[in-house]
A.B. asks: 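Following this message is one structure expressed as structure tokens.
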Amino acid sequence: MIKTTAEVRQAFLDFFATKQHQIVKSSSLVPGNDATLLFTNAGMVPFKDVFLGAETRSYTRATSAQRCVRGGKHNDLENVGYTARHHTFFEMLGNFSFGDYFKENAISYAWEFLTSVLGLPKEKLLVTIYESDEEAFLYWKDEIGIPVEKIIRIGDKSADKKFESDNFWSMGDTGPCGPCSEIFYDHGEHIWGGPPGSPEEDGDRFIEIWNIVFMQFNRQANGDMEPLPNPSIDTGMGLERISAIMQNVHSNYEIDLFQALIKDTANLLDCNDLNNKSLRVISDHIRSCCFLIVDGVVPSNEGRGYVLRRIIRRAIRHGHKLEAKDNFFHKLVKSLIEQMGDAYPELVQQQAIIEKLLRIEEEQFGRTLDRGMVLLEEILNNLEGDTICGDDVFKLYDTYGFPEI
Ligand code: GLY
């Protein structure tokens, strides 16, 4: 029986190994081959040059559980902890074909893994395809046997935005891309939401679990779609989402791995309410912070280091909301290692340095906040009227780490 997050990860890699895929270790969160990307944000990133034909490997089929960070955008960060599926850090399970198999095998492998290995009920699954992709449509219908009403066509967002579609995947403004087919899981009538493409699609009932990208183009900076040397396959399935399904829970934060982190955080901070959102924020953030440091990022005022600093500070602020009496964040490194150290031995190897960097950042942030309080007092004493000017508010936020409202 496959249930825990660790079991799902291993089952995925083992399954694709039986299909002659090379198991490739997760690459760094800092993309080595790509100046256009802040962080590795999908499983295909380490293979970008292989898709483009600029690099060859000793294998044409690969599978990985890739660590990913999608934490660059301000608004995304503020959502994390408050929704069922937003994270700064997650793991992406993927299988890749570099000019080897294409649509048919990719679709049948995904179906076999979900229904035979994981044993998901077929009637709970539905799929989307890019509007004009007849080949994928026929394969889902005739070979897999999905009823036509459960194969949903998704087109471009508008007539003048060619290839801007939920079913056309690109790694960024330039680079490998192509039409895709997504598999959705129906969490059941008791949860609000409609199927993809419907007005209620943003609800939580139908959740995308697997994206199969038919990589065919290299998007140029001017928007031209240059065909790739070989049509290829890139897939992505969020480990936390699929684990939630296997564990019969709805929110990613309810899976075994997060529940363990949440309990440890609650113990450390003496918090009795395990549903408190701040516990979720902190347990999400300890993952991205530890892995970013493992990959050589250090807190700073620009670029990747600035993103790391913002995530650390947000975690600390949520600790303060829970009335943390002391520096606490670095003490959670141990808990994370208990959960993920087997899959990522680099966490264990670097435990001491991660703890040290986080502790120093906590201490420094504490001093910065204290200085900010002095400035705030000064501002308030000199205030004419009842509004603090925008420049001062920005200074308190940007330089002294005061929280957004
Ligand atoms: N590269 C496919 C995905 O991230 O969904």
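No experiment lies behind these values; they were computed from the predicted model shown. Whatever order the structure lists ligands and atoms in, that order sets their numbers, starting from 1.
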A.B. asks: Using modelled atom types and a 3.5 Å cut-off, is there a donor and acceptor pairing between side-chain atoms of His318 and backbone atoms of Ser278?
C.D. replies: no
A.B. asks: Can we say Asp224 and Arg219 salt-bridge, meaning some charged N sits less than 4.0 Å from an Asp/Glu carboxylate O?
C.D. replies: no
A.B. asks: Quick check: does any side chain N or O of Ser181 sit under 3.5 Å from a backbone N or O of Ile212, one acting as donor and the other as acceptor?
C.D. replies: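 No: the side chain of Ser181 does not pair with the backbone of Ile212.
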A.B. asks: Which parts of the protein, at residue level, reach under 4.0 Å of ligand 1 through a heavy atom?
C.D. replies: Ala42, Met44, Arg70, Met92, Trp169, Asn211, Val213, Asp234
A.B. asks: What I want to check is whether the side chains of Ser158 and Asp160 have a donor and an acceptor closer together than 3.5 Å.
C.D. replies: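 Yes, because at least one side-chain N or O of Ser158 sits under 3.5 Å from a partner of the opposite role on Asp160.
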A.B. asks: If you measure only the distance, is there a donor-acceptor pair under 3.5 Å linking the side chains of His330 and Glu362?
C.D. replies: yes
A.B. asks: Less than 3.5 Å apart, any donor N or O on the side chain of Asp166 or Tyr130 sitting next to an acceptor on the other?
C.D. replies: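 The answer is no; no qualifying pair exists.
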